[in-house]
Amino acid sequence: MTFYENEIIASHLKSHEEARLEKCESALELALASEFGNRLSEITVKGLCADLRQNPSVFHFIVTGDTTEVDPSDRAQWASIARRAVENDEISQLNLASNDRQLRARLTAEFMESVKKVTLLQWDRDGSLADRVEDYVQKKISEYARR
């Protein structure tokens, strides 16, 4: 569905349907923040919210208010919807990969600056430097993901 088709759908919603759409968008935004932190850009999140109207279950809720398939108050359900939305969206995947590369580069630099040059040389000579950097980066990424 194109941007214009999404806008046509949005422009024809009644006020109670708009309120339901806003509930769904808020639920998705919260789920994306919970699942991915700040790794997705604001414009990517807005795009995912706009694409929400394409999901038949969500559209059914918007039009009917029936929470059988989609319930905006069910956090686990929205976490699953958020993960699927990101998995199926190429721009989201590129956004995550870019932010992950930037984070890895920053953490690698942070590690290198925190260790004495002599120690870095020793680790490089004995072949353990790359493993130590990777261990540090993985540990920090795990800590970052738990926040």
Side-chain angles (χ1 to χ4, degrees), residues 1-11 13 17-62 65 67-147:
M1 192 173 288
T2 68
F3 170 79
Y4 296 108
E5 290 169 323
N6 269 333
E7 291 307 307
I8 290 170
I9 290 172
S11 68
L13 293 176
E17 294 169 337
E18 286 177 6
R20 290 184 197 129
L21 174 61
E22 287 175 16
K23 283 183 184 178
C24 289
E25 288 174 344
S26 294
L28 181 62
E29 287 175 0
L30 286 172
L32 289 169
S34 175
E35 292 294 312
F36 301 101
N38 61 358
R39 294 169 52 212
L40 291 171
S41 68
E42 186 177 333
I43 194 164
T44 302
V45 171
K46 285 183 180 185
L48 291 170
C49 287
D51 290 345
L52 208 55
R53 300 171 196 130
Q54 296 176 35
N55 182 317
S57 299
V58 173
F59 192 72
H60 175 74
F61 167 75
I62 291 169
T67 58
T68 305
E69 294 181 48
V70 172
D71 183 357
S73 63
D74 185 344
R75 297 183 107 199
Q77 184 181 48
W78 281 95
S80 175
I81 290 171
R83 284 189 300 273
R84 277 195 315 268
V86 169
E87 287 170 8
N88 295 325
D89 185 61
E90 185 179 357
I91 291 173
S92 296
Q93 291 297 310
L94 292 171
N95 195 213
L96 287 174
S98 172
N99 284 334
D100 288 347
R101 276 193 306 275
Q102 291 171 0
L103 178 61
R104 287 177 94 46
R106 185 174 56 79
L107 291 172
T108 299
E110 180 181 295
F111 177 78
M112 299 299 247
E113 290 171 7
S114 70
V115 178
K116 294 179 182 177
K117 302 294 180 206
V118 173
T119 307
L120 289 173
L121 285 171
Q122 286 175 319
W123 289 343
D124 192 38
R125 286 183 187 133
D126 70 18
S128 67
L129 179 61
D131 290 337
R132 291 175 189 265
V133 169
E134 186 60 26
D135 290 345
Y136 178 83
V137 168
Q138 286 303 320
K139 178 183 169 201
K140 289 294 187 178
I141 287 175
S142 295
E143 290 172 7
Y144 179 75
R146 279 182 274 201
R147 286 188 217 159

Inter-residue atom distance [X].[atom1] - [Y].[atom2], 0.5 Å rounding:
{"X": "Asp131", "Y": "Gln138", "atom1": "CG", "atom2": "CD", "value": "12.0 Å"}
{"X": "Glu29", "Y": "Cys24", "atom1": "CD", "atom2": "SG", "value": "11.5 Å"}
{"X": "Asn88", "Y": "Asp51", "atom1": "CG", "atom2": "CG", "value": "10.5 Å"}
{"X": "Ile43", "Y": "Asn95", "atom1": "CD1", "atom2": "CG", "value": "10.0 Å"}

Run the side-chain hydrogen bond (donor to acceptor under 3.5 Å, both in side chains) test against [X] and tell me which residues pass, sequence neighbours left out.
{"X": "Asp100", "answer": "Arg39"}
{"X": "Asp126", "answer": "Ser128"}
{"X": "Ser114", "answer": "none"}

Excluding sequence neighbours, so at least two apart, what forms side-chain contact (heavy atoms from CB on, under 4.5 Å) with [X]?
{"X": "Glu110", "answer": "Arg106, Leu107, Tyr136, Lys140"}
{"X": "Ala82", "answer": "Leu28, Ala31, Leu32"}
{"X": "Glu17", "answer": "Leu13, Lys14, Arg20, Ile62, Val63"}
{"X": "Asp124", "answer": "Leu129"}

Taking the side chain as everything from C-beta on, heavy atoms only, tell me whether Trp78 gets closer than 4.5 Å to Ser73. no
Does the side chain of Asn55 come within less than 4.5 Å of Phe59's, by heavy atoms? no
Taking all non-hydrogen atoms of both residues into account, name the closest pair between Ser92 and Leu40 and its distance. O-CD2, 3.9 Å
Shortest non-hydrogen contact from Phe61 to Val70? CD1-O, 3.7 Å
Flag, side chain of Ser26 to backbone of Glu22, donor-acceptor distance under 3.5 Å: yes
Test Ser98 against Arg101 for side-chain contact (heavy atoms from CB on, under 4.5 Å), laying out the working first. CA-CA 5 Å; Ser98 172; Arg101 276 193 306 275; 4.0 Å; yes
Mind checking salt bridge (charged side-chain N to carboxylate O under 4.0 Å, His left out) for [X] and listing every partner two or more places apart, or none if nothing turns up?
{"X": "Asp135", "result": "none"}
{"X": "Glu25", "result": "Arg53"}
{"X": "Lys23", "result": "none"}
{"X": "Glu134", "result": "Arg104"}

Stepwise, does the side-chain contact (heavy atoms from CB on, under 4.5 Å) test hold for Phe111 with Val137? CA-CA 8 Å; Phe111 177 78; Val137 168; 5.9 Å; no
Enumerate the residue pairs fulfilling salt bridge (charged side-chain N to carboxylate O under 4.0 Å, His left out) with a member in residues 68-90, sequence neighbours excluded, ordered by first and then second residue. Glu35-Arg83
For Leu121, look at atom CG and say whether over 12 heavy atoms of other residues, nucleotides or ligands are found less than 6.0 Å away. yes
